[in-house]
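Predicted model only: the values in this text are computed from it and were never measured. A, B, ... follow the sequence lines: proteins, then strands. Residue 1 opens every chain.
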Amino acid sequence: MPDVARDLLGKHLIHVIDGQRIGGMVVEAEAYGGWDDLGSHGHGRVTPRNQVMYGPTGMSYVYFIYGNYWMFNVVAKPPDVDYAGAVLIRALEPLEGDSVMAANRSQRPRRKWTNGPAKLAMALGIGKSLNQHDLIDPKSPLFFEEGTLIPDEHVETGPRIGLESVPEPWRSIPWRFWIEGNEFVSR
DNA sequence: ACGGAGATCTTCT
DNA sequence: GAAGATCTCCGTT
């Protein structure tokens, strides 16, 4: 699963709205596991919200949090196993549909369009209606394309963000991956 | 530039 | 009933 997060770096995420392509390159991603990962929505029981995390790899998992924000994930788990997993896309580098993203981000500076998980969802117009879609199928409204291969020497890793109240070792496990020096990484 | 607090509501216990 | 995979605003440095 962490391997999927790392491999998503450099891929292009594209959302097509009325024939208009909006998207960017993945520059930061985090892996989340199943029942034993206390930092993941996949821990504990199957619920209406997390059930998609138990499904096939490559589906979207979009959830709402903090009363205002949408988070976009890719389901990623070992095949043929009853175990949940997902990868949170934390940041993109804008590539297509600049005018739409600028409008969606209230004319903020380009650097702040997609440098955070909720920000990129706002910029690309990702919400509840895009939950549980096939992200591998180019006919989907939201999908991944091949992008730039990122060599290992340009990949950095560290603990996941926002899990301050989660017990060790889950709080510190280095399942956050980002492209070294990229200005759109969230922090 | 940095830090702290409020916003706001869905989901699960 | 409480917490949450966050962002923005407003204060101070």
Note to self: Whether the A/Y83 and A/D36 side chains hold a donor-acceptor pair (N or O, under 3.5 Å, no angle test) is what I'd like checked.
What the structure shows: yes

Next item on the list: Answer with base, sugar-phosphate or nothing: what part of the nucleic acid does A/R187 contact at a heavy-atom distance below 4.0 Å?
Entry: nothing

Next item on the list: Give every residue pair that meets the ring-ring contact (aromatic ring centres under 6.0 Å, His included) criterion with at least one member in residues 133-186 of chain A, sequence neighbours excluded.
Entry: none

Next item on the list: Please tell me which of A/L163 and A/R108 maps to the more 5' nucleotide of DNA chain C, matching each residue to the nucleotide holding its nearest heavy atom.
Entry: A/L163

Next item on the list: Consider only side-chain heavy atoms of I, L, V, M, F, W and Y, link residues closer than 4.5 Å, and tell whether A/V87 and A/Y61 are in one cluster.
Entry: no

Check: Going 5' to 3' on DNA chain B, which nucleotide is the first and which the last to come under 4.0 Å of a heavy atom in chain A?
Finding: B/dT8 to B/dC12

Item checked: 5' precedence on DNA chain C between A/S165 and A/A118 (nearest-nucleotide basis) -> A/S165

Notebook entry, point to check: Do A/L8 and A/R6 have side chains that get closer than 4.5 Å, going by heavy atoms?
Noted result: no

Check: Counting any heavy atom closer than 4.0 Å, what does A/R45 reach on the DNA or RNA strands: base, sugar-phosphate only, or nothing?
Finding: nothing

Notebook entry, point to check: In residues 49-68 of chain A, which residues come under 4.0 Å of DNA chain B by heavy atom?
Noted result: A/R49, A/F64, A/Y66, A/G67, A/N68

Next item on the list: Look at all strands and tell whether A/G44 reaches a base, only sugar-phosphate, or nothing, counting heavy atoms closer than 4.0 Å.
Entry: nothing

Next item on the list: Any chance you could encode DNA chain C as dot-bracket? Rule is Watson-Crick or G-U wobble with both distances under 3.5 Å; [ ] for pairs crossing earlier ones, | for another strand.
Entry: ||||.|||||||.

Next item on the list: State whether A/R160 and A/E30 are salt-bridged, where the test is any N-O pair (Lys NZ or Arg NE/NH1/NH2 against Asp/Glu carboxylate O) under 4.0 Å.
Entry: no

Note to self: According to salt bridge (charged side-chain N to carboxylate O under 4.0 Å, His left out), does anything in residues 126-138 of chain A pair up with another residue at least two apart or in another chain? List the pairs.
What the structure shows: A/D137-A/K139

Check: Transitively linked via ILVMFWY side-chain contacts under 4.5 Å: A/Y66 with A/V166?
Finding: yes

Notebook entry, point to check: How about A/E28 and A/I179: do any of their side-chain heavy atoms sit closer than 4.5 Å?
Noted result: no

Margin query: Taking any atom closer than 4.0 angstrom to a non-hydrogen atom of chain A, what span of DNA chain C does the protein reach, first nucleotide to last?
Written below: C/dG4 to C/dC9

Note to self: Counting only heavy atoms not in A/E153 (residues, nucleotides, ligands), do more than 12 fall under 6.0 Å from its CD?
What the structure shows: yes

Check: Considering only heavy atoms from C-beta outward, does the side chain of A/P141 approach that of A/L130 to under 4.5 Å?
Finding: yes

Margin query: salt bridge (Lys or Arg N to Asp or Glu O under 4.0 Å) for A/K11 and A/E145? Distances and angles first, verdict last.
Written below: CA-CA 6 Å; A/K11 296 276 191 295; A/E145 289 182 343; over 6 Å; no

Check: Do the side chains of A/L135 and A/M59 get nearer than 4.5 Å, heavy atoms only?
Finding: no

Note to self: Parallel, tilted or perpendicular: which one describes the rings of A/F64 and A/W70, with boundaries at 30° and 60°?
What the structure shows: tilted

